[in-house]
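Heads up, the thing below is written out as structure tokens.
The basis for the numbers below is simple: all heavy atoms, side chains too, and nothing from hydrogens, waters or symmetry mates.
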Amino acid sequence: PVFFGLYPTAGVSALWIALVIIVAIDGLVLLTMLRFWAVRRLAALLLIPYWAWVLYATTLNVYIAIKN
């Protein structure tokens with residue numbers, strides 16, 4: 001919602017706000033994986049594709065924010 005929804009009203013600053021949010025998501029997914037590792041390793045391993053997708057989305061967000 002921030003990246004797409006706020007952009008028409010806030011402009012480029014919406015992209016940087018979205019970057020802060022997605023970096024927080026990156027960290028929280030990693031933290032979840034670490035916590036799951038102690039309980040059930042398979043659960044942590046199953047989060048790797050999701051974390052990879054979020055990291056990819058983060059790189060796209062950084063690129064778009066810099067280029068705008």
Side-chain angles (χ1 to χ4, degrees):
V2 174
F3 186 85
F4 294 108
L6 193 60
Y7 185 76
T9 57
V12 178
S13 62
L15 302 176
W16 293 102
I17 295 168
L19 180 62
V20 170
I21 293 170
I22 200 164
V23 167
I25 292 171
D26 290 332
L28 291 172
V29 172
L30 179 61
L31 180 65
T32 302
M33 290 169 57
L34 293 173
R35 297 284 177 123
F36 281 11
W37 187 263
V39 178
R40 183 150 186 157
R41 291 185 176 164
L42 179 61
L45 294 174
L46 288 173
L47 280 172
I48 291 174
Y50 175 65
W51 192 44
W53 180 87
V54 173
L55 289 172
Y56 176 68
T58 302
T59 59
L60 288 176
N61 192 325
V62 168
Y63 178 78
I64 292 169
I66 289 172
K67 292 297 179 179
N68 275 325

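Residues meeting the side-chain contact (heavy atoms from CB on, under 4.5 Å) test with T32, sequence neighbours left out: F36, L47. For Y56, the side-chain contact (heavy atoms from CB on, under 4.5 Å) criterion is met by T59, L60, not counting sequence neighbours. Residues forming a side-chain contact (heavy atoms from CB on, under 4.5 Å) with L42 (at least two apart in sequence, or on another chain): R40, L46.
At a threshold of 4.5 Å between side-chain heavy atoms, the hydrophobic network of Ile, Leu, Val, Met, Phe, Trp and Tyr places F4 and I64 in one connected group. Taken together through direct or relayed side-chain contacts under 4.5 Å among Ile, Leu, Val, Met, Phe, Trp and Tyr, L31 and W53 form parts of separate hydrophobic clusters.
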Listing, residues 8-29 side-chain donor-acceptor contacts under 3.5 Å, not counting sequence neighbours, or none:
unit_1 : atom_1 : unit_2 : atom_2 : d
T9     : OG1    : L6     : O      : 3.1
S13    : OG     : A10    : O      : 3.0
D26    : OD1    : T58    : OG1    : 3.3
D26    : OD2    : T58    : OG1    : 2.8

